[in-house]
Amino acid sequence: MEQKPLTTLPGTRDILPVEIPRWHLVEDRARQVLALYGFQEIRTPLLEATELFARGIGGDTDIVGKEMYTFTDQGGTSITLRPEVTASVVRAYTEHHMYRGGGITKLYYIGPMFRHEKKQKGRWRQFYQIGAEVLGSDDPAVEAEVIEMILRLLEQLQVEARLLINSVGDRNCRPGFIAILKEAISQDLGRFCDDCRRRAQTNTLRVLDCKVESCQPYINRLPRITDHLCRECSEHFQKFQDHLREAGIRYEIVPRLVRGLDYYVRTAFEMVSGELGSQNALVGGGRYDGLSEVLGGPPVQGFGFALGLDRLVMILPDSLAEASVDRPEVYLVYLSDEALKAAISIARLLRRQGVRCHLEFGAGSLKSQMRMANRVGARHVLIIGQDELAKERYSLKRMEDSKQWEVSLPELSQYLQSLPAAARKNPSSTNDK
RNA sequence: GUGAGCGUAGCUCAGCUGGUAGAGCUCUGGAUUGUGGCUCCAGCGGCCGGGGGUUCGAAUCCCCUCGCUCACCCCA
């Protein structure tokens with residue numbers, strides 16, 4: 001029977017070779033910048049106990065409520081594909097007693113997340129994040145430093161984003177504000193949309209985040225959390241802003257900014273881009289003191305962020321991406337079976353010297369091999385035919401300016417080694433400093 | 001889960017009020033018997049998403065179905 005060819009699942013995709021240079025560029029730059037700021041990589045499992053996220057993220061959130069890929073394994077354990085990593089990092093921090101060294105711990109991660117959402121522009125079911133967590137400090141200076149680091153990365157990648165900040169209070173002042181908010185909403189309850197009326201009960205703060213046009217006038221009239229912070233939170237927020245200003249960082253206070261994860265306290269922030277369409281959040285993060293205790297660990301202060309790699313790659317300037325393509329240095333063209341053997345041998349020699357080589361097996365005419373060399377972006381073509389074999393001197397053509405000359409093997413090696421490193425190594429590789 | 005739009009060659013799309021398929025790009029070959037990119041010429045390539053209906057005749061009209069995209073919700 002005729003079968004439909006299998007394809008990727010909705011919301012998942014293959015990242016093809018032509019796109020990989022963009023990803024490498026972003027990942028390489030990110031690792032460099034994170035290292036500059038003293039972060040170390042941690043790799044946690046993609047699979048975790050469902051309870052980790054259910055408790056860590058919060059049962060009222062959309063993520064836990066309807067977006068997790070959860071299944072029961074053969075042993076009857078409820079397992080979930082991670083929808084985010086902060087809870088995992090905090091778990092690992094405690095599990096491996098990383099707090100025992102004293103001081104603060106700076107960790108970063110990079111990898112795929114899974115959320116069962118409807119796909120649209122900039123939103124996938126499997127998507128990639130780079131994120132970092134600073135554990136063991138509640139200093140607002142840490143927050144400003146992390147934000148500075150992200151901006152440094154975006155700057156290097158020539159990506160523009162607006163920084164939005166807010167304080168969502170803490171255990172002392174937030175309950176009081178929620179009560180005030182709920183009271184204020186009930187004054188005009190009939191004028192809000194259905195979702196807002198529901199959220200007023202279940203997740204009151206999220207009413208502030210409603211995007212429905214008709215709700216806007218009433219939301220604007222609601223009390224602002226920044227006016228109802230306790231003294232400690234208020235001071236924290238002020239110091240945070242002082243540090244941002246001293247670093248010369250521009251920001252906008254958005255009192256309505258409420259993030260979708262329950263664990264945030266005090267500082268919350270987002271970076272948004274106008275180039276992303278409706279899903280405009282490029283980076284999101286905040287402070288989560290207390291998360292560790294919710295997971296059954298010791299008290300640990302924490303601050304972190306996650307950056308959407310897919311979205312960053314999407315808006316990366318093409319010019320940057322093109323510069324980071326790994327082009328073959330030498331494309332070997334052969335004109336007979338005997339020449340093929342010589343080509344294989346020469347390629348082996350050059351590769352031992354660190355030269356990127358390419359040759360096509362079962363290739364066609366000289367013309368078609370030249371065309372292929374051009375297509376793969378080879379900088380040079382080495383032509384091996386009867387004449388060359390007889391003389392043991394080969395025709396080397398520089399594609400850029402079409403100059404061609406004859407070289408012996410030692411001359412070839414010497415010439416290739418003499419090329420400027422920038423011409424052989426792409427700018428995103430780690431050893432171009 | 002809700003709404004809107006779209007499914008025609010590998011890709012981007014044209015095909016008006018029904019007459020059994022086209023362009024550009026890509027690819028292959030030639031102009032240039034051992035030389036790429038530009039140009040010109042030729043060629044390969046399509047159960048017009050799938051199923052049913054109306055009709056002498058459907059890519060075109062109607063119904064159903066599947067898929068994709070964007071938006072809402074929410075988020076990276």
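Labels below follow one simple rule: chain letters A, B, ... track the order of the sequence lines, proteins then strands, and each chain is numbered from 1. Hydrogens, waters and symmetry mates play no part in the numbers below; they use all other heavy atoms, side chains included.
Regarding L332(A), its CG atom lies at a distance of 18 Å from the P atom of rU35(B), rounded to whole Å. In this structure, the CD1 atom of I315(A) is 15 Å from the P atom of rA76(B), given to the nearest Å. Distance, L316(A) CG to rA76(B) P: 21 Å, rounded to whole Å. Rounded to whole Å, atom C1' of rU69(B) lies 11 Å from atom NZ of K121(A). Look at CD on E360(A): it is 19 Å from P on rU35(B), rounded to the nearest Å. Between D401(A) atom CG and rG37(B) atom C1' the separation is 13 Å, expressed in whole Å.
When the nucleotides rG37(B), rU32(B), rA76(B) are ranked by their closest atom to the side chain of K367(A), rU32(B) comes out on top. Nearest nucleotide to the K119(A) side chain, out of rG34(B), rU69(B), rC72(B): rU69(B). Closest contact between the side chain of A306(A) and the listed nucleotides rG29(B), rA76(B), rG34(B) involves rA76(B). For Q129(A), counting side-chain heavy atoms from C-beta on, the closest listed nucleotide (rA76(B), rC70(B), rG34(B)) is rA76(B). Among rC74(B), rG34(B), rG37(B), the nucleotide with an atom closest to any side-chain atom of S395(A) is rG34(B).
Only the P atoms considered, rU60(B) is 12 Å distant from rU17(B), to the nearest whole Å. Distance noted for atom P between rU35(B) and rG29(B): 14 Å (whole Å). Taking atom C1' on both rC25(B) and rA9(B), the two are 12 Å apart, rounded to the nearest angstrom. For the P atoms, the distance linking rC6(B) with rC63(B) amounts to 14 Å, nearest Å. Of the C1' atoms belonging to rC16(B) and rC11(B), the separation is 26 Å, rounded to the nearest Å. Nucleotides rC61(B) and rG18(B) have their C1' atoms positioned 8 Å apart, rounded to a whole Å. For the C1' atoms, the distance from rA59(B) to rG49(B) is 12 Å, rounded to whole Å. Rounded to the nearest Å, the gap between the P atom of rC66(B) and that of rG45(B) is 34 Å.
Nucleic acid contact for G122(A): base, since at least one base atom lies under 4.0 Å from a heavy atom of the residue. Within 4.0 Å (heavy atoms only), V283(A) reaches sugar-phosphate atoms of the nucleic acid but no base atom. Nucleic acid contact for D387(A): base, since at least one base atom lies under 4.0 Å from a heavy atom of the residue. Using a 4.0 Å heavy-atom criterion, one finds that E270(A) contacts no nucleic acid atom at all. Across all strands, L312(A) comes closer than 4.0 Å to no nucleic acid atom at all (heavy-atom distances).
Rounded to the nearest 0.5 Å, atoms CD1 (I15(A)) and CG (D310(A)) are 6.5 Å apart. One distance of note links NE2 of H228(A) with OG of S167(A); it measures 13.0 Å at 0.5 Å rounding. In this structure, F53(A) CZ and T70(A) OG1 are separated by 9.0 Å, a value rounded to the nearest 0.5 Å.
For Q369(A) against rG34(B), no side-chain N or O and base N or O form a donor-acceptor pair under 3.5 Å. The base of rC74(B) lies outside donor-acceptor range of the side chain of R115(A), with no N or O pair under 3.5 Å. The base of rU2(B) is paired with the side chain of K118(A) by a donor and an acceptor separated by under 3.5 Å. At a cut-off of 3.5 angstrom, counting only N and O atoms as typed in the model, there is a donor on one side and an acceptor on the other between the side-chain of Q120(A) and the base of rC73(B).
Nearest-nucleotide positions on RNA chain B for P10(A) and N280(A) put P10(A) closer to the 5' end. Between R375(A) and L366(A), the residue whose closest nucleotide on RNA chain B is further toward the 5' end is R375(A).
rA76(B) has F127(A) stacked on its base ring, the centres lying under 5.5 angstrom apart and the planes within 30 degrees of parallel.
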Under the 3.5 Å Watson-Crick or G-U criterion, the dot-bracket string of RNA chain B, with | for inter-strand pairs: (((((((..((((.....[..)))).(((((.......))))).....(((((..]....))))))))))))....
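Residues satisfying the salt bridge (charged side-chain N to carboxylate O under 4.0 Å, His left out) test with R266(A), not counting sequence neighbours, are D170(A). Scanning for salt bridge (charged side-chain N to carboxylate O under 4.0 Å, His left out) contacts around D138(A) gives an empty result, with sequence neighbours left out.
Phosphate contact (OP1/OP2 of rG29(B), side-chain N/O of R371(A), threshold under 4.0 Å): present.
Using cut-offs of 30° and 60° on the angle between ring planes, the pair Y415(A) and H380(A) is perpendicular.
Formation of a donor-acceptor pair under 3.5 Å by the R55(A) side chain with backbone atoms of V294(A) is found in this model. Side chain of Y93(A) to backbone of G136(A): no donor-acceptor contact under 3.5 angstrom is found. Using a distance-only test at 3.5 Å, with no hydrogens or angles considered, no donor-acceptor pair links the side chain of R379(A) to the main chain of P328(A).
Judged purely by distance below 3.5 Å, without hydrogens or angles, the side chains of E143(A) and H236(A) pair a donor atom with an acceptor atom.
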